[in-house]
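These values consider heavy atoms only, across backbone and side chains, with no hydrogens, waters or symmetry-generated copies. Counting starts at 1 for both ligands and their atoms, in listed order.
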Amino acid sequence: MHPFGGFSPNADYRSPVDELLDTMKGNNMSRAIVMPTPQGESGNRGSWDIEDFIDVIRRHPDRLAFMGGGGSLNKMIHAESPDGKVSDDLKARFRKRAEDILAKGAIGFGEMSILHISLLPGHVYESVGGDHPLLLLLADIAAERGVPIDMHFDLVAEDIKTPEWLEQPPNPPEMKRNLNGFERLLTHNRKAVIVWAHAGSDNIGHWTAAMTRDMLRKHPNLYMSLRLNIGRGGHVQNNPLAPEGLKPQWMEVFREFPDRFVIGGDQFFAPPGNRGLVSKFAKAGAAIRKRTNVFLSRLPPDIARKIAYENAIRIYKLKP
Ligand SMILES: [Zn+2]
């Protein structure tokens, strides 16, 4: 969940978090994990991270938990060292910040990014290797501390010309295969739990059910959070929902790996009057929630219970 209240000093995190809590009440959601979006701009645009919402979130310990780093650790990667060259000083600052995030009560690191494609004007484009030294370091810290990492990774399984609807800058005209770097991150430290975000709403088309199955078979420390999005302009492929029931190839994956999926709503909440990109994303929330309920209702009840509840409690170490 991304309740975005703006950049300090005028930020208002209270109203988006209140709206999140209301939404939870009305939709049978018992817990939510709040995290900043993966930010990586090097310019003057502000950033937001746990310090912006921590006071508001801490008032609801039975409902809300949080992860951090999207507005700080992710910027050290994408804005400070996009070429993968990392000084000892940056490494030390990165570790210190990661430890500070956990000391403040975060249950893990998120939302981090490897490739983040820009879907709309003003939406960020970020790209580094999955085996960027700071991502490897983060995997080590996460493993040491027993906390998960939430990772935004738009998968490019083979070199392609950028699909027409994504062709506008800041996206590049071509996209290079990025799977190897991600797999090196996964094999780097098997004790690091990595939750690959937004399964089931793939904007490129390479994150198929078969790819999902292969990756889960190869990488025991890999988990996925499902975003049951409609997608923009019918471009999203590889969604598990079929007009009636679930697509059989996805159903097979859920049966083989019922313990490896959680629901990742990717829901945005904005303060009243917000006219920015966040309010656009916030408007998509209701449809995602509706489709999530349809999805869960079409799973066998024991698998639905795992994906909707039990897996998240275990992976994120939430109180049952
Ligand atoms: Zn994301």
### Query
Can you count the protein N, O or S atoms that lie less than 2.8 Å from the Zn ion (ligand 1)?
3
### Query
Looking at side-chain heavy atoms only, is the closest gap between Pro36 and Glu111 below 4.5 Å?
no
### Message
Are the side chains of Met224 and Arg260 in contact, using a 4.5 Å heavy-atom criterion?
### Response
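The answer is no, as the side chains (C-beta and beyond) never meet within the 4.5 Å cut-off.
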### Summary
Residue pairs passing the side-chain hydrogen bond (donor to acceptor under 3.5 Å, both in side chains) test with at least one member in residues 55-65, sequence neighbours excluded, are none
### Query
Checking side-chain contact (heavy atoms from CB on, under 4.5 Å) for the pair Asp266/His198: CA distance, chi angles, key distance, verdict?
CA-CA 8 Å; Asp266 200 20; His198 319 323; 3.5 Å; yes
### Task
Test side-chain contact (heavy atoms from CB on, under 4.5 Å) on Tyr125 and Leu115 and set out the steps.
CA-CA 8 Å; Tyr125 172 83; Leu115 172 63; 3.7 Å; yes
### Message
Parallel, tilted or perpendicular: which one describes the rings of Phe53 and Phe66, with boundaries at 30° and 60°?
### Response
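Taking Phe66 first and then Phe53, their aromatic rings stand perpendicular (interplane angle over 60°).
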